[in-house]
Structure formats: C-alpha cells, structure tokens
Amino acid sequence: MTTITVDRARSNGTHPSPTPRLVELIGGPPPGAAAIEARGACAWFGDRLVLESVDLLMPAGQVTALIGPSGCGKSTFLRLLNRMHELVPGAALDGEVLLDGEDVYRHGRRAQEVRTRIGMVFQKPNPFPAMSIRDNVLSGLKLAQIKCHDKDGLVEQSLERAGLWKEVRDRLHQPGGALSGGQQQRLCIARSLAVHPNVLLMDEPCSALDPTSTRRIEETIGELRHQVTIVIVTHNMQQAQRVSDHCAFFLAEENEPGRVIEHATTTKMFSTPDDRRTLNYVEGRFG
Amino acid sequence: MDAETPVASPPRRPRVVVDEPARVDRVFDAVTFWSGFSVLVLLSIVGLFLLTSSGDSLGQTGLWTFLTRVEWRTDVQPARIGVLGLLVGTVVVAVIAVVLAVPVGVLAALFITDYSSARLRRVLIGLVDLLAAIPSLLFGVWGFVLLSNQMVPVSRWISDHFGWIPFLATEPNRDLTGSMFIAGVVVGIMVLPIITSVAREVFSQAPPGEKEAALALGSTRWGMIRTVVLPYGKGGIVGGTMLALGRALGETIAVALLLPQVPLVSKNILEYGGATVSGFIATHSGGDPFTVSGLMAAGLVLFIITLGTNMMASVVVSRSRSGVGVEL
Amino acid sequence: MSARHRLARAVASLTALLVIAAPALVAAATPASAAPARINGSGSSYVGLAMQLWVSEGQVQGLPVNYLSTSSPQGLQQFASSTVDFAGTEAEFSALGVAGGEGERGYQYVPDVAGAVAVMYNVKDKAGNKVDTLRLSRRTIARIFMGDIAKWSDDAITADNGGLQLPDQPITVVYRAGQSGTTGLFYDFVQKTAPEIFGPWAARNQLPTGARIITLDGAPGFAPNTRAYNGSDQIAQGIAGSNGLWSIGYDEFGYAKTYKVSSAWVQNQAGQWVKPYAANITAALTKARLAQDLSQDLTDVYTNPDPLTYPISAYSYIVTQCAPDPARPTCKGKYTNPGVAETLTKWLRYIACEGQVNMAKIGYAPLPTNLSQEVANAIGRMNGVAPEQLNAQNCANPRFTGGGIDPPPTAPPIRGGGGGTGSGGGTGGTKKPTGAAAGTSGAVGSASGTASATGAGAATAAEGSTPEAGTGGELAATDETLPGDGSGTAEGAGSVAGAGTPAAARSAGGSAVWRDPEPVAYDRPGPAPLTGAAVVVLVALMVGPTAFGAIRSRRTAR
Amino acid sequence: MAGAAGTALCLNWLVFGRLGDGQGWFALLVSTYLTFLACFFIATADRYGRLVATDRTITVVVVSAGGVVLAALASLVIFILVLGLKALRPGFFTSDQTGITPLLPSTEGGGSHAVVGTLEQTALSLVLSLPLSLGAAVFLNESRSRWRRPVRIFVDAMSGLPSIVCGLFIFAVFIQPHAKDAAIFGFNGLMASLSLSLIMIPTITRTVEVVLRLVPDGLREASLALGASRARTVWSVVFPTARTGMTTAIVLGIARCVGETAPLIYTAFGYDLMNANPFNGSQEALPLFVFRNVQKPDQTAIERGFAGALVLMVIVLALFALARYLGRDRTRRAAPSRRWRPRAPRPTQEVRP
C-alpha cells in the first residue's frame, strides 16, 4: 500500500487555495514521475516483425516525443511500454521495458499494476459514455481498485491538472459524451491523471482535434511535465518542437521493421540532427 | 529469463510474456467460460437427446420409411409412422405464407425507407417491430375465430377462377375453413414483420451516393429504387425471405388451431385438411413413449430443415453486399 | 451512485419484481393443511360435458380437480405414465390397445356415467329445407360409416325414412382425427352390426379387426368423402356449420344438444325409432355385460330387444389407482400422496350420487344403483376400507330416489317431402312443416302431462324475449322440444327452465343461429361505451398516422 | 388521384352491378384496386408521360403495401380488444375458474391463476436462463477462448429450434420417465420454465452478444489502460455502456417468452384453479388459458379466452413499450442519422414544421 500526497495548489497556479489540500490515494502507484527505458524492444504481429531492437530512455519528469511517418511502429512502441501491446491477438514482443529500473515484463509482474503506473491517452477521445464527468474522472479509482477518501478533491485536482476544471465545474454530473472533442480529450487526460501515474503515454492526442483544443492540450502537457513523465506520439513537427524535451525519430524502411533512427534533445533534433533522414523528415521533405 | 536476453542482436523468437491474471479475472474467466460451455453442453444434450430418443421409433420404422411414409398410426402393431404427410403440409403452409408475405413485406419496407417522412418512418418502424413482438398465439386466435370464416369467399373465388390449377380445384359444398391456404395466410401475416424489418434494414443501408447519383441522372424515384436500392438489397430480401421461411416452418400454435392436423397429403390447399410437423406435435401431447419418440423424430426432421434454412439465410445475407451489418 | 449500481438496477429491475412476486405468492398460496391435494385428470371427451359439470361442482365444494378433455387413449397413456392422477375413458386399456396399463401403477375402472353416441347430420331435402327428423336403421348407419352407402339418395336411407328421398348428394363422413375412445365405441357398433361388410372393408383399409378401431387417420379413404375434426366440439361445430352440409358424423349426444345439431333417430332391435335420451340409454345398458373388473362388453346392447333401447350406448369410466386387492389383480397400490386420494374419493363419492342428478339434462343417463354402489366399492378399494352402502337416504342418484325416468319422446313423423307420400316436388315450403311440428308437439305434450305444460308456460313468460337458438326454422325447434319436455318432467322444478327454453324458441319463431348466444340476463351495461371509446381511439391512432403519411408522401411525390 | 379513385370505384360499381356475379368482398376489392391502378396510370400518363406515371403508380402500390401491413396489425389489435373487453372485468384478476360452467356468463370467473402462472413461469425461466445467457454472451464477446466458435454455432443453431420441440424435449426427458417418482418432475411450472429457458437462452445470448459487440473497443482499451482487470472492464465499462441495449434485448426475450404457448402444452398441462406453487402440480399460464378456451364449445368460454388474449396482448405490448423506453438511446440521438432521404425531387418537403 502506498500513500500519495499531492500538493494541490502546486498543480495549478491560477486557482490558489489558502491552505493546500491533500488528496490521498490508497493503493495507487508510488508518487512522482519515473523514468522509463526500453532495451532491445521488438514487437511482432503474428509473424511480422514491426519493431526491432529499440533502445530508448525517457527521463523522469520530461516530455519525450516520438515522431516518424505513419506505420513506423511509434504507436506499437508506445503500447509496448504499458503492456497494451499484448492485448492484441497474435502480438508478441521481446526486450525489456524498465520502469524505475525494473522490467515491466518481469515474470510475475501484473500488467494491471504496470498500467496503473503508466497511464495512457488515446488518439480518439473516449470518455466512458455511461458515466458522468465526475465518474469518468474517478473511473480509474474504481477500475484499478484504488481507494480515496476525498473524491471531490481528487476530481477537482485532476480536472485542474488537465486544465478542464473551470469549464466543467458546474456540470460534473453531465455525461462525459456531452463535452466537445477537445474537452473530452482533456477529460481523458484527467481520468488518467486521477490515479497519479508515474508515466503518461499519449498516442497522437490532438490528431482528432481543432487547433484551439490542440493548444489547450499542449498547455496542459506543459503544466504536467514536471509531475509526470510524458511520452507523446505526434505527427505534428511543431507540436513536438513546442512540447517535448527529447525526441526520437522512428522510421520503417521498405519491408523492414521500424527502428529508432535518431534520439536526441528536441533542440538538437530540430536544428542539427545527425541523420540525413531525420533532417529530411523534420523539415517536411518526406513522410 | 529476461536477464539473458541479449540487447543488441534481435532474437529470432519472441520472449514469453506471462500476465498473471488477477484473482477476479480468473474467476471471471472461469465463470464466463463455464456459462458459455454449459450453454454448449446444454444445447448439445438437447440435440443428442433428440437423436437418441428418436432412435426408438426410427430404429423400428427405418429412417427412409419414416421420411417417405405419409400415414401416422400408432394403434396398429407394428406402428406405422412417417413424417412425409406432415412435412408436405409444413412446407406447403410455409411456402404459401412466404409467397404472400414477401411482396407485401418488401414493398412495405420500401415504403418505410424511401417513401415516408422521417417522423412517419419512426412510427412505422415501431409498429412493424410491434407486429413482430405479438405472440403467434394471438395471430392464431385471430385467424381461428375471425379470418378463417372471412377467407371462405376468397377461397371460393380462387377455386372458381383458378380451379384449372390442379391443387386449387375444389368440389362444391366442401368445407373451405381450416385449409392450408388459410393457415398459410395467417402465418404469412405473422412473418410479414420479419421480412419487412430485414428488407428495411438493408434498404436503409443502400449507399446514399449511388442513390443521389441515380437521381442526379434524372431518373424517377422508382427508377432510382430499381437501379440502386433493389439490386443493393437483393441479398437482404433473399435472406429475409429464408429467415421468414424458417420461422414459418417452425410455427406451431397458429397452425395447431387452424388445421385439423391429420397427416394426409391433401391434393387441394383450399379445402379443410392438412397437418404440419409442429402443429401435429402440439395436438398429440400425452402419448406413450413410442409415440413421443416418433414425435421427437418428426421434430428432429423439422429442426434439421429449419436449421438448414436459417443457415442458408445467414450465408446469403452475409455474402451479399448489403448484409454485412444485418443481424438475423 | 456509481454506474455499476445503475447497471445492476437496470438489469434486475424487471426480474426483481417477478422474482419477488413468485415466492411471496407461493407462500401465500400454500395451504395450511396438506389435504385435499390438487388432482389432475385427462382423457375422454365423450364424458367431457359431464366432467365439466362435475369438476366445477367439485371446485365449488373445495375439491381442486382439473380435467383436460383430450381423448380416452391419451388419458390412459398419461395415467399409465403417471403424468395424471386419473383418466377418463369409455373403453379399457386392452380394448384401446394402450400399453402400460399393466405397469406398476395399477388401476381400477370406476364407472361414472352412462352415455351414448349420437349420429349427427346436416342435410337438406329437395325443397332446400333442413331435415331434422332423419331416421336411420342400425344397418344403414353401419353401411354409411363404412362407405358402403355414398349418396343421400340411397335406397336404404329412403326406405328408412318412409320413402322420403333426399337429394342426390354425396355423403361426407365426418370422423375424429387422432385416437379416440368414441371412435372405438362407434366402430365396435359398426363391426357388430354389419360384420359381413366390416371384414372386407377393414381388410381393404388395413384397419384392425381384433382390437377396436380407435383411429381412422391411417385409412382416410375408408369412405368416398371423409373429413376429420380434432375433437368432439369441432365435430359438432363442423357438422352444424354451413360448410357441414351433406355430412354425417358420430359424437357424444351431449354435444348434439350443446350445438343444436340434428341427430338421427336410430332404429333398435324392436323396430322402434329412438334418440339417446336418458331412458333409452338406461334401457339399452341393461344388456351390457360387465366383467369382474367392471369393463363392459356391449355386443348385446346393440341388439337389445327392449323397445326403448338406444343401441349405441355405453358406460364411461374413471381410471384410478387402488390398494392391492385379491379380487382385483390390477390393483397394485394406493396413491402415494394421501391428499390426492382424499380429493379423489370425495369427488367420486359426489359423482356417484349428487353428480348423477343433472346427467339426463345434459345428454347422459344416470348410473344404475348397482353401479353407483360400485363407485362406493371402488372408493373402499382406494382407501383399503370397507365400502359405504348407498341407498336412497344417503345418495341423491335419481335411480335410488326412485323417481325413475319418464318415457322418452317418440319419433316424430317424417317431414320434408310431404310425409309418407314419397318424394314430392318440395311444394311444402315452410308453412306445411309448421303444421306438422305443432301436431307433434301436441302429441308429446299430452304424453308428458300437465307438469311439462306448466313449466313450459312459465318459462315462456320468463324468457319470452330470449333469442334462443332454434335450429334453422320451426322444424328444428320442434325437434328440440321433445327432449326438453322429457327431461323436464323427469326432474321436476329444477329443470323447468330447461323445458321451457325450446318452447320459448318455438314461440319466438326460431332463428337460424346455431350457437347459444350470450345469456341476455348477464349482459351488464357498463363496458359498452368504454369499448366504443377505446376502439375509436385505437382506430384514430392507427388510421391517423397512416392517412397522414400517405397524403403527405403523395403530396411530396408530386 | 382522387379522380382516379372515384373513377375506378364507379367503374367497378358499374361492372359489378352489371355483371353481378356476387363473388364476395375479396373479388370486389381486388378488381377495384386493379382498376384504380389502371385508371391512375392512364390519367398520369396522359398528363406527365409514361415514366412519371410508372413512378407514381409504383408509389401508390408501395403505399398500399404499407397500408396492408398496418391494416393487419390494426385488425388484429382491434379484434382482440373488442372481443376481449366484452368479458374483461376487474374480477378477471382476482378470481380463477372455480365452479365455472358453460351456463355462467363470461364475466364470471377469471384468469388470476393464469396470470400468476405466467408471471411465475416467466420469472423462473428468467432466473434460470439470464445468468447463463449473459455469461455466454460475455464469453462470446470478451474472451479469447477457442471454444467461442463452437458455442456460437450451437447458440445460432438452437435459436432455430421449434418451440414445441423444447416442450417435447422436457416432457420426454423429465416428465414422462420421472413423473411417477417425484412431483417435481410432473406437470408443473418448473418444467414449463425449463422449456421456456431453452427458448430464452439462445435468444438472449444472441441479442446480448450483438449489443456487447457494439461497445467500441476503445472503451475497453481505455479501461485496461487505467489498470483495470478484464472483469472490472466488463462490469464497470462494457455493461454500463451496453446497458440500454442489453435491457432491451432481455425485455424482448421476456416478451417472446410470455407469449409462448407450444412448450406449455407439454409441460404446464393447464389448470383451472389457482396453483401458485410452480414446483408442484400442473399450472395454468395465460397462453394456455387462451388456447384452451377459444377451442371450447361454449361462447362464454371463447369470450373468456379473448379476455385472456387481451391481457396477454397488453402484457406483451407493455413489455414492448418498456423495451422501447429503456432502449431509447441518449448517446445515439446526438449522432447524425445514417439513414438517408432522397433530396432532389422534394421542394416542399422541409416546410412542414
């Protein structure tokens, strides 16, 4: 059993409280951001190798962007990180994924526990349609069987961290599906944050959204970056440049599995990449 | 095992990942598996039992004799039972029902999808579903008390004008109630909603682009329906028809009320007489074990035919262009 | 308020109500004392009308009895397989060829009532008037039902009816679909009456000659024109209906009365023309040979020389379990549930005595005293105790009380073609028979005395406006008057109304309705406007949108 | 159009009046209709040409087909309503058939025993079949067992099992061989429920499985990504999402079960008195009550049968309405309708409020 204490005031400066309220989770992940590292990660779908030998360190409390053309294995890699990959029928994998130095695929380790620590936001916003906004935020608690004594506080805190609190504070009991696309996506982020994960994976979170909503999500990412390790898959170069600290460029050659071509800080990637293919890609010359 | 995995060189075989399911998942898996499995077991027990208990009578009668013999007599030794007289009635009633119901059902479906306004369409869909939900008993009672007598002049008229068709000729002064024709009409009304709703489902999925294209080329609405909607919905119509046929074959209580259930191959569908497998079973409750075994065998034959029809229906519908999303 | 709770509530919302209701109702309905338990029976439709009466009377007395009128063979089969507690039958296990009677359950035959098979018909004379005084000799009947006589104009029928020739129409023989004890009884009569025709006929149609013919399904071509119906009710309805013209069939007499179907006057051994009224059945069955186990041999009944005899009469039985008895090898054990025995014995005791009172009125004949006593003996066997001795003091059976049965009506003169003058041109129309009817009625009135006349008069006053069913005109009404008068005098005041109703019908001129309409007295006011309003609303609801949609879609089509 | 109809009617009247062959209502109807179509076609062809005339004539045919379906429904409902209301009194729900003879009016006595029997048998069969069929539906949709395919095939096959065979099966398995041993295997409500369960299980399994299949996989992934177990996912995400559809499916399954008559003939046997214990002794059910009474000789029994039929119809319609009510989908309403309407030739169509 772990107890997390989160200073609510820190999470959003725009809404200061005189005394910081503490929202405790009982049974959730350990507090704080955690580094996640892939070593020799490979992935198969059936007999087809789609990702080969990826070594990548995503430092704690930083934003790592995964970029690359479609079908190069970015999303597969992301799903490999929190053991969603194995849910696909016929999927197989190899290598290690270290969360705080510990392999998530270690024998005897539960995928459920891993997923609690590594949250995920999907390409299409998918709030649970049968639940209200509040229940959506709290759904992680129920689903992962984490206890919390101050549910209202947690709802407020999570929605604030996702930058949604002010917009929905008066209609917490409306169904989640009634929100706009961007709001739904932020609700999904809030849902993931409510269980206080150490890592948050985002699979093209803005691809289905309009520019305004995209900007709001990006702001949210910016606000979250020191509380949780973020790995984001994006097709949008500008977005990667704006939000990420590190970048990894994935590429799958013709009839070849996807590989990491280059991995560096964002500044370096977008100014002086080592590989010509990276340069071509970030400058929009192919892909 | 993970420690040995070399990092640099990609391995040929993926590593084995074991996700220890949580206890609740193990319970969940067990519960769902066993309920699925027990449904399987239950249903196969039903099937097996049908087979084995039919064995008594089939063994005594012989399968081929059973299938080709018209009479059904358990009062003589050895009993002479056969299912053909019942099967003919079953098929005749079902075919009459489907032949009458298909044109009306398809046209009604067209009316719903392409001719009615949005609001009326909602109402009509509801009403057709409602018609499908009404128990067959009520159709049977309605046919037994009301329609049976109302249809006599119709039968008379048909036999007067179409009597040159052999099976439509009736002699004067014959009882024209309780005929396979009337049973077919009642069963036809009963299966009407099935055909209508399946046809409506496929018609409503006809691609709007093609429909608009047809209209844009200056065709009338009927022209559009003929060139786009009907070809598109062909599979659905055939599938719905076969589904309705399956339902009509298995229909019990209405035909039990309407037909005398004497297993004869009647030469005339307009005159009193006729029997169907399920109706015959329904009116012959309380027999000795041998009779029950014979009835089981008859039920099994009916089941196999119904099964075949339903399967063909689902194959036709799923193979057709329109039927992919249609649930039968 | 989590989603889980809402789901649970939603899924269970419907079941909960039903599920909670069930045990509560079970608890409420479980009787405090074990006895008497519910009993179930099934079988003969021959005795169905009597059963209907007995069951409802028993229920009023707190005996939960249930009887499903199917057919004798089915009843015996269900009894043999222990799915019912008792069976009704008019023939024995052996005669019906039902296996399982010798099973571990054991059985005894308990006579319950005497009845008769009537020959129903629907025929018109050449003038188009309905014939309702048809006379048929036993041999003619047998020949008709073996297809030997195929036309109504056959000489044998003409001869039976004093030269009245019926139209040259094919006879449609109506029979029971499926197995039936009535079929068994009737064709036993046919076999014994015309054995020389029966032998080749049975062989030709592959029908059994050793055992009784309990179903004709296997030989539907046993006569040139045949039609099967699925039960006693449907036979009567089928013959009576307009589609039943030119048909003839056999059915229990009570159904002929219930549906007002004409039934034939049958010539007995003494040459008299009779219908199965109580006195005639009683007279016939004096020659029934009862075996040790009370099963009946009816051969002598068919040829009973008593002038009152109605030859196609038979006793009906209830089959029950009984305690082992050296005199009865078929008795193998009591009912395991004492409550069943409790109900059944009480009910049988009622049938033996009070239950016989109204039998004559509904087309049966009460049991003779010795058979009522046999019912008491059977009750003793069921309980394993000494039987009660029945007598006029403790048993209301009319045969004990000595009132006896009044002489039945005699056959009316033949009508339809000008009496005995042969086949006329049908000049009579409706006026001529009316005179004949009045004459007949007068004759009967004088025979049955003043009591019947008074009863009829009172009833006429009381129910003068009742649109009582006639049978297609004055002729039929007259026909029905006869049994009414007969039974009315036999049973006194209680059946005056029964006697009066046909009289009322006659005074009202009769009608063409073949079924009893709903009794006027019970037609309470009240629902009519509601019904009307509901229909109006419904029609509006149905037609409104349709018309609206049709108009609209047509308009848009323009 | 009205002109065409009038012409047709008059023409037919004339033809029939002249020929007067008296063929009955059907001949008149058919010939009137055909003449009407012909007149209509000729009239429109004269004004607009053949193409338009064909189109319009077909429109008329299609509309009348819709009318036929509605007429069938209306005739059925009105007929049962009218005949049923004759005998239906509040007493129907409070008394059984104790001491009812053919001479008593149809308003005497009632069908409370049948209503109770139907409710108990339906409830029992629901209790028996619901857990199993829900479990099987979840199994078919949420597990990855290789047994899924055989189970699905069997469920599909069994949904085509004629209902009378279900009753016959229970009769042959339990009642005939074992009725002499124990009352629980005699004719009773439990046996009826068992046979009804055989009908219900495939029906509910199939429909619920279809509904579960409609739940987007994204929701399952989202739930799993939050660290939920699969059981949790099904219970807290899939079930609530599919709730309306599942309830509708179940209610429609009940509606089908309530009206089933055929299996009851072999299992419940029928009974004229109240027997509220479904485990002992034969029991009545509304369909049986109707079935037996409409076949009885006396008019009063037929009227009682129709009162029962009316009650049965009301129950089924109520269940149907309940299903529609529960099934009204809040999420789908927001989504644009995928149904399509032809737009081009209808200038006046959108004006109507």
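Per chain, numbering begins at 1; letters A, B, ... match sequence-line order.
When heavy atoms are compared at a cutoff of 4.5 Å, B:Leu259 approaches chain C solely by way of its backbone atoms N, CA, C and O. Of the atoms belonging to C:Gln234, it is side-chain heavy atoms, and not backbone ones, that fall under 4.5 Å from chain B. Proximity to chain B (any heavy atom under 4.5 Å) is restricted, for C:Tyr175, to the side chain, taken from C-beta onward.
Summarising the geometry, atom OG1 belonging to B:Thr291 is positioned 9.0 Å from atom CD belonging to C:Gln74; distances are rounded to the nearest 0.5 Å.
The number of heavy atoms from other shown groups lying within 6.0 Å of NZ (C:Lys124) does not exceed 12.
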Worksheet entry | Residues B:Arg80, C:Gln206; criterion side-chain contact (heavy atoms from CB on, under 4.5 Å); working and verdict | CA-CA 11 Å; B:Arg80 291 205 299 269; C:Gln206 297 177 313; 3.6 Å; yes
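Heavy atoms only, all atoms of each residue included: B:Pro260 and C:Ala177 are closest at O-CB, 4.0 Å.
Of the listed residues (C:Ser71, C:Ala228, C:Ser81), the greatest number of heavy-atom pairs within a distance under 4.5 Å of chain B belongs to C:Ala228.
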